[in-house]
Amino acid sequence: MEEPSILDYLKSRLQFWKREGRIELPQERVPAVEPGESRFDLAGGSFAADDPSLQESDRGQSTISTLPQKLPKQNPAFTLSSLPWRSLLALVFVLLAQRSFEPTENRTPGPGLILYAIGLAWLVFAWLRGEWTPSEVLAEAAPTLQPANSSKKRIRLFPLILTVLFSVAAFIAYGGNHFTPLNLALGLAALACFLWTFLLPGPGVEPWWKRLLSCLRRDQWNLRVSRYGLLLLAVIGLVIFFRVYSLGSVPSEPFSDHAEKILDVYELTQGETLIFFPRNTGREAIQMYLTALVSWLFGTGLSYLSLKIGTVICGLLTLPYVYLLGKELGGRRVALLALLLAGIAYWPNVISRAGLRFPLYPLFVAPTLYYLIRGLRRNNRNDFIYAGIALGLGLHGYSPIRILPFVVVIAVGLFLLHSQSKGRRQQVMGWLVLLASVSFILFLPLLRFGLEYPDLFGYRAFSRLGSTEAPIPGPVWKVLLSNLWNGLKMFQWDDGEIWVHSITHRPALDVVSGALLMAGVLLLILRYIRKRHWLDLFLLVSIPLLQLPSTLSLAFPAENPALNRAGGALVPVFLVAALALDGLWNGIQSKLKGRGGALLAWFLSLLLVGWASFQNYTLVFTTFADQFKSGAWNTSEMGAVIKQFGLTYGNTDNAWIIPYPHWVDTRLPGVWAGVPNRDFAVWPENLETTLDAHGAKLFIVKLEDATGREALEALYPQGIWSTFTSSTGLEGKDFLICFIPPEE
């Protein structure tokens with residue numbers, strides 16, 4: 001029989017009233033399926049060997065009696081209504097607004113405020129239409145049931161008694177402001193007994209050291225890298241580049257605070273293992289010990305570079321916890337965006353490069369908040385203990401972190417006031433006591449010092465908060481409100497006038513991060529109004545709370561805002577900005593389905609990150625570098641002259657610098673010359689004391705110092721004078737050299 005043609009098939013279908021002569025298509029045949037094996041059809045559906053839609057044919061093959069109804073996904077046709085144009089308008093307006101706040105000669109806030117008002121209005125409209133919505137992981141991940149490892153456990157009495165005994169003994173042994181093998185052993189024993197008493201074992205998880213040993217014993221290691229892993233590695237590489245590039249030259253010169261630090265580290269290497277370093281109004285100990293370790297590990301000696309390497313490491317160690325916080329609050333994408341925005345930003349980069357204790361504040365804020373938030377969300381007692389350890393260690397870092405215990409209490413208070421704490425309030429209060437207890441054990445050395453020397457311990461804070469050093473310039477409430485307002489403006493408008501760790505009078509954030517922060521704040525407010533989740537409110541209030549070490553500078557309001565004292569606030573700031581960008585991404589993909597939405601989200605994100613990267617690179621490595629070089633004295637060149645003199649004539653003992661008002665710190669050239677423990681100053685009235693020295697002599701004099709030059713010429717008429725021309729090419733950086741030949 002001849003096979004029917006396509007025309008015959010169409011005729012039979014068109015004549016639907018005739019049953020006779022209708023042509024049917026043969027059933028599709030597929031290969032036989034082995035028992036338990038699955039096959040996938042072209043539409044993406046699946047079937048198995050025991051599926052009722054499969055029937056065995058007489059030829060040993062399976063046939064599909066009913067074709068799947070599921071059809072391949074089709075990308076919806078693009079329409080104007082599918083474009084998230086409200087979100088895009090909001091983004092454009094907030095970016096233009098923040099761009100108008102960039103420093104210019106005739107900068108005024110008016111145009112930017114109008115643009116922000118328009119942009120934020122469109123943002124509200126976009127949020128109502130579901131076009132700009134931060135990830136809901138934050139609200140959905142909070143558990144209501146207690147995990148297995150947080151169930152009630154009887155507290156062991158014996159290690160608890162040991163904890164108290166060791167703590168008391170350590171407190172007594174900490175007297176005299178020195179760490180010793182004895183008091184360190186007692187303190188560590190108290191901490192170990194506390195952990196023995198309260199730390200719960202993980203639910204069936206092997207200790208990390210056992211997992212490490214098991215991994216090392218394997219003959220073969222399998223390495224799997226996902227696309228997300230590659231993206232994360234790329235972000236880490238970019239962040240490390242921003243943080244370590246040109247570290248030796250940006251910033252270029254140390255100033256007086258660095259001289260104090262290096263002298264502290266020098267004394268530490270001579271056996272002065274202090275708990276609190278009283279020089280220059282007092283400093284906590286972590287940076288001194290870290291710098292000594294860096295100088296030994298990297299062979300950089302007691303130098304400005306050693307200080308900068310240590311603080312850059314602190315800045316980098318903050319970022320993993322920023323990432324983990326982002327993951328806890330909104331998932332992997334929020335985590336990655338927070339890491340990226342914080343890693344390339346000018347603000348945390350500059351305070352990390354300064355070589356002072358500034359990055360120690362955010363370094364311990366990040367883990368404390370991470371473990372606290374994770375403990376509250378996951379109902380985990382151990383996390384409260386880890387948060388207490390981070391807090392206790394942080395108190396030995398940088399004095400502004402003394403505000404963090406209050407932030408922790410406020411965070412727990414907000415949690416207890418919201419419905420998420422229902423049924424857990426009493427338990428959380430008990431865990432807060434554990435957090436305070438373990439941090440108290442680690443704080444004991446400073447507590448003992450503070451009781452012995454209360455004036456030294458509290459001087460730095462109270463000199464800013466009260467009238468210890470200067471009177472408060474006006475009513476306290478008025479100065480405080482002004483400081484709070486100036487502190488809130490620092491992100492988008494003016495970061496203050498302290499040139500050693502900021503680009504003066506410009507926003508603390510780049511254009512992209514500043515605009516995203518404003519958008520993120522509004523989105524969190526809107527979401528809190530709708531869902532009443534405590535974390536939304538805490539993220540908002542944590543920013544001004546962590547700024548308090550800056551805004552409470554009542555006696556010196558000109559020192560506020562200060563990027564260093566407000567450094568802890570950078571942790572929630574970049575988390576909020578990341579949540580905003582993640583919300584934009586979500587909105588685009590929810591409105592513009594398929595590949596088009598993903599491409600638009602990626603394009604906008606890469607565009608924004610590229611813009612932020614370019615601006616932050618320029619801010620740090622051009623604007624800040626030039627500003628710092630202009631403001632700092634070229635002590636490195638003076639140190640090079642002294643070092644060359646020492647190499648030529650055997651020592652640097654016969655080299656001096658004549659001080660001059662508002663000129664170099666005469667200790668710093670010695671740091672560059674490899675003599676960190678000597679002040680090279682000799683005042684004009686004391687020049688006669690140099691006559692007792694034998695051999696060649698060297699004097700460095702400021703170009704404008706007529707008095708110093710006359711005194712030297714009268715005492716050493718045989719002196720050979722020359723002008724050293726600074727390689728910086730900046731006015732006021734040249735200086736005079738007076739060389740006294742050795743006696744014949």
Side-chain angles (χ1 to χ4, degrees), residues 102-105 245-262 303-305 307-308 311 346 349-356 358 494-506 558 563-564 615-645 655-674 679-681 698-709 712 721-739:
E102 288 292 295
T104 58
E105 186 175 352
Y245 175 67
S246 293
L247 183 59
S249 58
V250 180
S252 56
E253 302 282 352
F255 47 91
S256 293
D257 279 3
H258 297 103
E260 304 284 355
K261 293 291 187 301
I262 290 174
S303 64
Y304 182 37
L305 182 59
L307 291 172
K308 291 196 287 185
T311 54
Y346 128 79
N349 196 352
V350 166
I351 65 172
S352 296
R353 288 171 171 267
L356 298 174
F358 308 152
D494 189 337
D495 62 4
E497 59 183 33
I498 306 175
W499 63 270
V500 296
H501 56 63
S502 65
I503 302 172
T504 57
H505 302 300
R506 65 149 286 109
L563 294 188
N564 57 334
Q615 186 183 13
N616 282 300
Y617 180 91
T618 304
L619 288 175
V620 174
F621 300 110
T622 301
T623 310
F624 175 73
D626 292 344
Q627 171 195 277
F628 194 96
K629 189 178 293 184
S630 177
W633 293 109
N634 49 325
T635 56
S636 59
E637 294 181 324
M638 299 178 193
V641 171
I642 294 173
K643 185 174 183 179
Q644 185 59 48
F645 174 81
W656 293 275
I657 301 172
I658 298 181
Y660 190 82
H662 310 295
W663 196 36
V664 300
D665 185 320
T666 51
R667 299 168 296 180
L668 289 172
V671 173
W672 294 103
D679 188 345
F680 283 78
L698 175 75
F699 295 90
I700 294 177
V701 185
K702 196 174 192 308
L703 206 60
E704 296 84 3
D705 188 4
T707 302
R709 179 164 185 168
L712 267 176
W721 290 83
S722 61
T723 300
F724 183 93
T725 303
S726 174
S727 62
T728 63
L730 298 172
E731 184 179 355
K733 307 299 182 184
D734 300 342
F735 53 86
L736 294 173
I737 298 173
C738 180
F739 174 69

Derivation and outcome, side-chain contact (heavy atoms from CB on, under 4.5 Å), residues W721 and L712: CA-CA 10 Å; W721 290 83; L712 267 176; 3.7 Å; yes

Ring centre gap for F624 and Y346 strictly below 6.0 Å: no

Parallel, tilted or perpendicular: rings of W672 and Y304 (30°, 60°): perpendicular

K733, NZ: over 12 other non-hydrogen atoms inside 6.0 angstrom: yes

Sub-4.5 Å side-chain heavy-atom contact between N564 and L356: no

Nearest-0.5 Å distance that lies between atom CG in L703 and atom CZ in F724: 12.5 Å

Contact check, side chains of I737 and L698, non-hydrogen atoms, under 4.5 Å: yes

Between CH2 on residue W633 and NZ on residue K702, distance to nearest 0.5 Å: 4.5 Å

Inter-residue atom distance S726.OG - M638.CE, 0.5 Å rounding: 8.5 Å

Least distance between heavy atoms, A673 atom then G639 atom: CB-O, 3.6 Å

Residue among K629, H501, Q627, R353 satisfying side chain to side chain contact (heavy atoms under 4.5 Å, CB included) with P251: R353

I498 side chain near L563 side chain, heavy-atom distance below 4.5 Å: no

Electrostatic pair R506-E102, nearest N-O below 4.0 angstrom: yes

Distance in Å, L668 CG paired with D679 CG, rounded so as to fall on 0.5 Å steps: 9.5 Å

Rounded distance (nearest 0.5 Å) linking atom CD1 of I657 with atom CD1 of I642: 4.5 Å

From T635, T728, N634, residue fulfilling side-chain hydrogen bond (donor to acceptor under 3.5 Å, both in side chains) relative to E253: T635

Side-chain touch P103/H505, heavy atoms, less than 4.5 angstrom: no

With sequence neighbours excluded, residues passing salt bridge (Lys or Arg N to Asp or Glu O under 4.0 Å) with E260: R279, R667

Separation of F358 CZ from T311 OG1 (nearest 0.5 Å): 9.5 Å

Closest heavy-atom pair and its distance - A259, D665: CB-OD2, 4.1 Å

Taking every non-hydrogen atom, the tightest pair across S249 and K308: N-NZ, 4.3 Å

Over all atoms of both residues, closest heavy-atom pair of L307 and G355: CB-O, 3.5 Å

For the student: nearest non-hydrogen atoms of T666 and A681, plus distance: OG1-CB, 3.2 Å

Worked verdict on N349 versus N616 for side-chain contact (heavy atoms from CB on, under 4.5 Å): CA-CA 9 Å; N349 196 352; N616 282 300; over 6 Å; no

Atom of F680, atom of G670 and distance for their closest heavy-atom approach: CE1-CA, 3.4 Å

Criterion side-chain contact (heavy atoms from CB on, under 4.5 Å) on V500 and F628, from CA distance to verdict: CA-CA 6 Å; V500 296; F628 194 96; 4.3 Å; yes

